[in-house]
Structures are given as C-alpha cells and as structure tokens.
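These notes concern the structure reproduced below.
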Amino acid sequence: MHDQSPLRAETWPMSRTCPFSPPPDYAALRERPGLPRVTGPSGRTVFVAARHEDVRAVLGDARLSSDRSHPDFPWMRVGETVFPGFRPSLIAMDPPEHGPARRAVAGEFTTRRMRELHPKVQRIVDGLLDDVLAGAEPVDLVSALAVPMAGLVLCELLGIPTSDRQEFTTDTTVLIAHDSADADRAESFRSLTAYFDALCATKMTERPEDLLGRLAGHQLFSGGESRWAMVELCVLLAVAGLETTATMTALGILALLEHPDQLALLTADPDLTPAVVEELLRFFSVAELSLVRRATADIEIAGTLVRTGEGVAALSAAANRDPAAFADPDTFDVTRDNRRHLAFGWGPHQCLGANLARLELGIVLGTLFRRIPTLRLATPRDELRYVNGSGFSVSALPVTW
Ligand code: HEM
C-alpha cells in the first residue's frame, strides 16, 4: 500500500495557466503512485484521483459520501457555506435516499422529453441571436447569449411563467457569479427560494403538464413538508444547469474560434455537432469541483488507504487528459472517439441533465456559426478575463463579425 503523507505544499483547487489546458500540476499528479494528497480549500488535506481509472473508481464507490451537510465534508462549494441549513437535493444525497429521489426526476430528462424541448431551445437561441445581430458590435456573447440561453431554457424546464423570468434571471445571475458579494448572494438565494416556494405551491394546486406539475403528483413530493423538497430540487436544477451550460457555451465558442480547422469541419458537416459537443466537454471538464466525496469506511483505492472521514477529490479534468484513456489527449480533435469522457461525472450521481446540456450546446453552437459564419473575437484570447481557480470560465467574450 502507498504511503500518502502530503508530499508538497500543493493546494487544490489549482489555477489554469492556459484556458485550453487543465492546471499544469495535473500531469504530475497523474504520474504519482496511488492517490496523492493535497491541501484542500478548508486547509484540510484531501486525496486526489487524477487518472481516468481512479476517477471512475472514486465516483463509482458507494462508500464515498456526497453529503455536503456533514461537518467533516472536505469542501463545500462557495455558495453552500452562505446558506447553512439548506441542503441541495440529489447531488448531496447518499443511499438509500438518493436512488428513489433520482428516479422520481429522471423521467424529465429522457430522449422523449428532450425532443419536446428541442423547438423551444431553438426558439430561445434564435431570439437571442436576432438581438445580437440587431445590436452594435462588439457584442459580449457571455451576457448576450450564453447566460440568458441557459437561464431561459431552465425557465422552460421548470415552467416559469414569462412574467417571472426577469426576476428569476436576476437572482440566478447573482447567485452563480463568482464575483458576487456573500451578502448579495445570500439575498438572491432568499429571493429565489421564496419564489420557488410560491411556484411549487401553485404547481401543486394546478398540476400543469410540466416538470413541477408532474413531480407534484409523485409521493416524494406531494403534500406537507415535501414542498420544501421540491424547492430544494428547483434550486439544484437552477444552479447545476445554469453556470455549467453557460460556461461551456462561452468556452465552446472560444475554442472553435481559436481552432479554425475544427470549426471548418463543423460548418462543413452539421452532423458532426454531437461529436463537437462531446469533445468540448472532454476538453474543458468545467464541473470537476463538484466531484468531492467523504469516506464513510476505511477503503483502498489505487493501492492507497483512505480512512473513514477523509476526503477525496476526483479530478475529471486530469482524467479527461489521461493518455491511457485518450490518444494525444491535449489536442482538440472533434473527430476523436471521446465516449469515455468524465465531464458529466460517473456512477450514481452522473449528471442528470446531460442530455439537456448536449441539446443546448448542439443548438447554440450549430446555430451561431451557421447564422454568423464570419464571427471572430474582438479581443485577443490572452486579454480576455477568466475566472480561474475556484472554477474555470471566461467572464466576457467580445465578438464581432
Ligand atoms: C455542460 C453542462 C453540465 C455539466 C458539465 C454538468 C456536470 C455535472 C457533474 C460533473 C455532475 C456530477 C456531480 C457529482 O457527482 O457530485 C452533475 C450532476 C448533476 N447535474 Fe449536471 N452538468 C451540466 C448541466 C446540467 C443541466 C443542464 C442540468 C439540469 C438542468 C444538470 C443537472 C444535474 C443534476 C440534477 C445533478 C445531480 C445528479 C445526482 O446527484 O444524482 N446539469 N452535473
């Protein structure tokens, strides 16, 4: 068994030095035997899994808990520390609670449901691009396209009436912004949960033919205190579905603009769109900071003993660049076989909204480059502002055409 006393003063999360590469130390972490240890954000050490097979082993092991409300949980996402007492749905649940709750919602993300959403997502993207084309250049595609698209799609998914969409967008934008003050974030959270509480009450009475209307009829969500369970689910869907998809949209546009040979393949053959989306997901792996677990038993992973109570972080961005899983992994190649990527996680908590994210990214990227084939950056890539360290994204993407 490997001795994994902390080797160096490495802290995690680590920053990227290039928008198209994971933090440089990830390659060295992948080379170390067993699971290396690093210092996590709370000052506590955590094990990290960096190889593809080890990340899968971590995420597939039911003895590793996702319960972020446990006092020893190695790390909470920034927002969660601001709202003590609030328990995110699904993503923070363990067995036996997690399975039934996930099954109750899974039917809302089937291929059939996505087919129903397709024309609505297309309408949202077309409307936003109409505005982009009617406005003055340069246009910031983060605020004019990526964020509003992800927000409006969530409004469709949750059945939020048109009259409430501005309030929803304002609250969620503050909630997910990396530079929001804690007090502002707390206020947006309070406003959003109050809004969802009222919305869920209406859905329980009216039972419309939409996601919340259908869930209101489910035994896990019907009646009494279970309305709060619906509110917690709404918050999870809003937060999990917004930042990730908006970030991937912006980074996807950036990557395609900076790899014109790959963009040419897409514009020449729109049937390549799903493969482009998968390669972008692999290439950026934007949601890896959610992949943290706490051991509920002494377990051995990759020859390392992880004791009860210790934390493990699964580095999906390192796994998705593991040469043992992907040939020439640092090359952005939309024609590669990338089916094994772990950008949506793995195992029981694998992203429930993956099909929706794929739908949105396919529509927005396909439509953008079809309607504006001469699109180009208005600011050089190195001068763009990035959120780096506690998550990774680009703050603004000024473009012209
Ligand atoms: C590109 C966009 C997205 C990425 C990269 C992404 C990534 C992830 C990852 C890595 C997880 C696993 C977390 C864990 O194991 O702890 C996850 C879970 C989840 N995601 Fe996504 N996500 C995306 C979009 C969405 C969307 C659009 C929705 C829905 C509106 C969504 C809903 C969820 C939910 C409900 C879970 C929790 C599943 C569970 O715990 O059973 N995600 N996502």
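Just so it is clear, the model here is predicted, and its values are computed rather than measured. As the structure lists them, so they are numbered: ligands from 1, and atoms in each ligand from 1.
Checking side-chain atoms of Arg282 against main-chain N and O of Asn320 turns up a donor-acceptor pair under 3.5 Å. Within the 3.5 Å criterion, the main-chain N or O of Arg30 finds a donor-acceptor partner in the side chain of Arg51. Judged by distance alone, the side chain of Arg185 and the main-chain N or O of Leu175 form a donor-acceptor pair under 3.5 Å. Judged by distance alone, with hydrogens and angles left aside, the side-chain atoms of Thr367 form no donor-acceptor pair with the main-chain N or O of Val364 at under 3.5 Å. Of the possible polar contacts, none joining the Ser285 side chain to the Ala343 backbone as a donor-acceptor pair under 3.5 Å is found. Thr45 places no side-chain N or O within 3.5 Å of a backbone atom of Arg37 that could act as its donor or acceptor partner. Judged purely by atom type and a 3.5 angstrom limit, Asp322 uses its side chain to pair as donor or acceptor with the backbone of His52.
One option in Val239, Leu242, Leu154 has a heavy atom closer to atom 30 (C) of ligand 1 than any other, and that option is Leu154. Nearest to atom 5 (C) of ligand 1 by heavy-atom distance, out of Gly99, Ala238, Ala343, Ser316, is Ala343.
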Expected list for residues 88-100: side-chain donor-acceptor pairs under 3.5 angstrom, two or more places apart:
residue: Asp94; atom: OD1; partner: Ser65; partner atom: OG; Å: 3.4
residue: Asp94; atom: OD1; partner: Ser66; partner atom: N; Å: 2.9
residue: Asp94; atom: OD2; partner: Ser65; partner atom: OG; Å: 2.5
residue: Glu97; atom: OE1; partner: Arg87; partner atom: NH2; Å: 2.9
residue: His98; atom: NE2; partner: His349; partner atom: ND1; Å: 3.3

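Numbered from 1 in the order shown, with element, the atoms of ligand 1 that lie under 4.0 Å from a heavy atom of Arg102 read 38 (C), 39 (C), 41 (O). Which parts of ligand 1 touch Arg293 is read off a 4.0 Å heavy-atom cut-off, strictly below it: atoms 14 (C), 15 (O), 16 (O). Residue-ligand proximity, Thr245 to ligand 1, at heavy-atom distances under 4.0 Å covers atoms 2 (C), 24 (C), 27 (C). Of all atoms in ligand 1, listed by their number and element, those nearer than 4.0 Å to a heavy atom of Leu90 are 39 (C), 40 (O).
Note: no N/O pair closer than 3.5 Å links Glu360 and ligand 1 by distance alone.
Protein heavy atom at the shortest distance from atom 35 (C) of ligand 1 is Leu236 CD2, 3.6 Å. At the top of the distance list for atom 40 (O) of ligand 1, counting protein heavy atoms only, stands His349 ND1, 2.6 Å. When hydrogens are left out, the protein atom nearest atom 1 (C) of ligand 1 is Met248 CG, 3.6 Å; that is the closest non-hydrogen contact.
At least one heavy atom of Ser290 sits closer than 4.0 Å to an atom of ligand 1. At least one heavy atom of His98 lies less than 4.0 angstrom from ligand 1.
A cation-pi contact, defined as under 6.0 Å to the ring centre and within 45° of the axis, links Arg321 to Phe283.
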Exercise for review: Check the pair Tyr195 / Asp164 against side-chain hydrogen bond (donor to acceptor under 3.5 Å, both in side chains), numbers first and verdict last.
Suggested key: CA-CA 9 Å; Tyr195 174 72; Asp164 298 345; 2.6 Å; yes
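Between Met204 and Met230 there is a side-chain heavy-atom pair separated by less than 4.5 Å.
With a heavy-atom cut-off of 4.0 Å, Thr247 does not touch ligand 1 at all. Counting heavy atoms closer than 4.0 Å to ligand 1, residue Leu281 contributes side-chain atoms (C-beta onward) but none from N, CA, C or O.
Distances shorter than 2.8 Å separate atom 21 (Fe) of ligand 1 from the protein N/O/S atoms Cys351 SG.
Salt-bridge check for Arg294 with Glu310: failed, with every basic side-chain N at 4.0 Å or more from each acidic carboxylate O.
Classified by interplanar angle (parallel below 30°, tilted 30° to 60°, perpendicular above 60°), the ring pair Phe392/Tyr386 is parallel.
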